[in-house]
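Reviewing the structure listed below.
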Amino acid sequence: PFGNYYAAWRELEKMYHEGKIRAIGVSNFGPDRYLDIQHFAEVKPAVNQIECHPLWNRKPLIAFCRSHGIAVQAYAPLARGLYLNREIMQQLAEKYVRTEAQIGLRYLVQQGISVIPKSTQPDRIFANADVFDFELSEADMALIDTMDEQLRSASIPDDLL
């Protein structure tokens with residue numbers, strides 16, 4: 001029902017068994033697709049790369065991944081800038097003396113989600129990496145949770161999710 005990704009997975013498993021790669025993973029797999037591949041796979045996916053950010057926090061999918069021992073990696077963690085000017089993010093940026101992007105990235109990192117923010121500007125690249133020396137309060141994490149609109153910023157067709 002999800003297309004023919006089985007051959008690709010077998011090739012990844014082959015490289016894994018040959019020691020060419022240390023881990024293999026999936027992208028945009030929901031519970032149904034994961035359970036489908038789990039029955040087929042010899043090697044369990046180590047990571048599920050998904051769009052995840054304050055405007056689409058993916059709590060149910062993240063809980064599912066964790067319950068199956070799958071790490072979560074967020075692509076488009078800045079939602080292509082769509083949450084950077086939101087009032088909540090501006091208030092928190094001021095409170096923590098950080099940028100809105102740093103607040104959003106810290107929100108994910110603090111949940112144990114690895115992030116891959118994109119930027120071509122050196123100052124932003126350095127700022128995006130500077131999120132490990134502060135911690136958001138539990139109340140502020142919950143406040144960011146309220147921003148969830150299930151907003152997809154990446155152009156991934158529905159049949160691939």
Side-chain angles (χ1 to χ4, degrees), residues 1-3 5 23-39 41 44-161:
F2 301 112
Y5 51 81
I24 53 180
V26 294
S27 183
N28 297 315
F29 271 44
D32 290 346
R33 189 170 291 180
Y34 173 78
L35 294 173
D36 179 57
I37 201 166
Q38 181 182 21
H39 293 299
K44 182 174 88 168
V47 64
N48 189 5
Q49 188 183 81
I50 59 173
E51 180 175 357
C52 185
H53 45 72
L55 299 178
W56 196 17
N57 65 37
R58 313 298 295 271
K59 296 287 187 186
L61 180 54
I62 291 166
F64 174 85
C65 289
R66 290 208 170 111
S67 73
H68 286 84
I70 306 165
V72 175
Q73 184 175 63
Y75 68 80
L78 300 174
R80 289 157 174 71
L82 295 174
Y83 65 79
L84 300 183
N85 294 315
R86 301 284 180 105
E87 184 178 349
I88 288 172
M89 299 306 279
Q90 290 175 334
Q91 289 172 352
L92 293 175
E94 186 175 316
K95 175 181 178 178
Y96 289 94
V97 191
R98 298 292 176 145
T99 67
E100 290 90 340
Q102 288 172 317
I103 298 298
L105 293 172
R106 180 65 202 180
Y107 166 76
L108 295 170
V109 167
Q110 200 162 309
Q111 296 176 70
I113 299 167
S114 66
V115 296
I116 24 180
K118 178 185 174 191
S119 182
T120 57
Q121 298 182 20
D123 59 327
R124 287 187 184 165
I125 293 169
F126 286 113
N128 289 344
D130 190 20
V131 297
F132 297 100
D133 62 348
F134 74 103
E135 188 170 311
L136 299 170
S137 72
E138 202 172 298
D140 290 337
M141 292 287 288
L143 183 62
I144 295 171
D145 281 343
T146 68
M147 294 176 63
D148 186 26
E149 301 172 5
Q150 298 182 3
L151 182 127
R152 186 183 319 158
S153 69
S155 55
I156 307 294
D158 285 335
D159 63 342
L160 293 179
L161 294 176

Worksheet item: Will you find, in the side chains of E87 and Q91, an N or O donor that is under 3.5 Å from an N or O acceptor?
Response: yes
Discussion item. I need the I62 CD1 to I113 CD1 distance, nearest 0.5 Å.
Written reply: 3.5 Å
Worksheet entry | D148 side-chain N/O to N57 backbone N/O, donor-acceptor pair under 3.5 Å | yes
Worksheet item: Is the side chain of D36 donor-acceptor paired with the backbone N or O of D32 at a distance under 3.5 Å, no angle test?
Response: no
Worksheet entry | Verdict with supporting geometry, K59 and Q111, side chain to side chain contact (heavy atoms under 4.5 Å, CB included) | CA-CA 10 Å; K59 296 287 187 186; Q111 296 176 70; 2.8 Å; yes
Discussion item. Nearest 0.5 Å, please: how far is CG in L151 from CG in L82?
Written reply: 6.0 Å
Fill in: Intermediate values then yes/no, side chain to side chain contact (heavy atoms under 4.5 Å, CB included), Y83 and I88
CA-CA 9 Å; Y83 65 79; I88 288 172; over 6 Å; no
Fill in: Side-chain heavy atoms of V72 within contact of C52, under 4.5 Å
no
Worksheet, complete the sentence: Closest heavy-atom pair, S137 versus K95, reported as atoms and distance to 0.1 Å, is OG-NZ, 4.3 Å
Item to complete: Please work out which of the three classes, parallel, tilted or perpendicular, describes the rings of F134 and Y96, given edges at 30° and 60°.
Response: tilted
Worksheet item: Going through the checks in order, is the side chain to side chain contact (heavy atoms under 4.5 Å, CB included) test met by H53 and L78?
Response: CA-CA 6 Å; H53 45 72; L78 300 174; over 6 Å; no
Worksheet item: Quick check: does any side chain N or O of R98 sit under 3.5 Å from a backbone N or O of D130, one acting as donor and the other as acceptor?
Response: yes
Discussion item. Do R33 and F29 form a cation-pi contact, if we require the NZ or CZ to be under 6.0 Å from the six-membered ring centre and within 45 degrees of the ring's axis?
Written reply: yes
Discussion item. Between Y34 and K44, is the side chain to side chain contact (heavy atoms under 4.5 Å, CB included) condition met? List the steps.
Written reply: CA-CA 9 Å; Y34 173 78; K44 182 174 88 168; 3.3 Å; yes
Worksheet, complete the sentence: side-chain contact (heavy atoms from CB on, under 4.5 Å) with I144: of L55, L92, L108, only one passes, and it is L92
Worksheet item: What is the minimum heavy-atom distance between P77 and P54, and which atoms define it?
Response: O-CD, 4.2 Å
Worksheet entry | Short side-chain to backbone donor-acceptor contact, Q110 and L136, under 3.5 Å | yes
Response to the item:
The reported gap from CG in L35 to NE2 in H68 (rounded to nearest 0.5 angstrom) is 5.5 Å
Item to complete: Taking E51 for its side chain and S153 for its backbone only, find out whether a donor-acceptor pair lies under 3.5 Å.
Response: yes
Worksheet, complete the sentence: One should read off an interatomic distance between E138 CD and L143 CG, to the nearest 0.5 angstrom, of 13.0 Å
Worksheet item: What distance do Q49 atom CD and N28 atom CG have between them, rounded to the nearest 0.5 Å?
Response: 7.5 Å
Fill in: Nearest-0.5 Å distance that lies between atom CD1 in I125 and atom CD in Q121
8.5 Å
Worksheet item: Side chains of Y107 and D140: does their closest heavy-atom pair fall under 4.5 Å?
Response: no
